[in-house]
Amino acid sequence: MVNWKTTVIGVLTAFFAFVAFSPDTFSGVPWLVELAKFAAVGGLAALGIFAKDSDVTGAGKGAKVVKE
């Protein structure tokens, strides 16, 4: 797996989002519900940071062509 950071962050963010949106399910561990509120937002920010592949410029097909 080349871009494992995106996958890990996506899975963790999905879990924390589930906890944040259904706190009744996790009423036995109130600290997890509070943590999930922050982790879901932080996970979305981290997903945006790490989602860009390092070998792609994002400027289209002509981006690798050197202009003189």
Side-chain angles (χ1 to χ4, degrees):
M1 184 180 301
V2 176
N3 199 357
W4 60 271
K5 294 179 215 170
T6 306
T7 305
V8 170
I9 292 169
V11 168
L12 288 175
T13 302
F15 171 73
F16 285 126
F18 174 71
V19 173
F21 285 111
S22 62
D24 296 336
T25 307
F26 300 94
S27 61
V29 279
W31 61 268
L32 181 62
V33 176
E34 294 299 318
L35 175 68
K37 293 175 185 177
F38 293 105
V41 173
L44 289 175
L47 189 63
I49 292 169
F50 288 108
K52 173 87 171 73
D53 291 331
S54 62
D55 61 341
V56 179
T57 61
K61 290 182 180 179
K64 296 191 181 219
V65 176
V66 178
K67 295 183 180 180
E68 294 179 23

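Atom set for the values below is all heavy atoms of this structure, side chains included, hydrogens, waters and symmetry mates excluded.
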- ring pair (Phe, Tyr, Trp, His ring centres under 6.0 Å) with F26: which residues, sequence neighbours excluded?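 Partners of F26 under the ring pair (Phe, Tyr, Trp, His ring centres under 6.0 Å) test: F18.
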- Provide the closest heavy-atom pair for A20 versus A36 in the form atom of the first, atom of the second, distance.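 Scanning both residues completely, I find the closest heavy atoms to be N-CB, 4.0 Å.
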- Message: Which heavy atom of T13 sits nearest to which heavy atom of A40, and what is that distance?
- Response: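 That would be CG2-O, 3.8 Å.
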- Item | Hydrophobic cluster identity match, F15 and W31, side-chain contacts under 4.5 Å |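 Looking at the clustering, W31 is in the same group as F15.
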- Task: Could you check L44, V41, L35 and say which one makes a side-chain contact (heavy atoms from CB on, under 4.5 Å) with F16?
- Result: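 By the side-chain contact (heavy atoms from CB on, under 4.5 Å) criterion, F16 pairs with just one of L44, V41, L35: L35.
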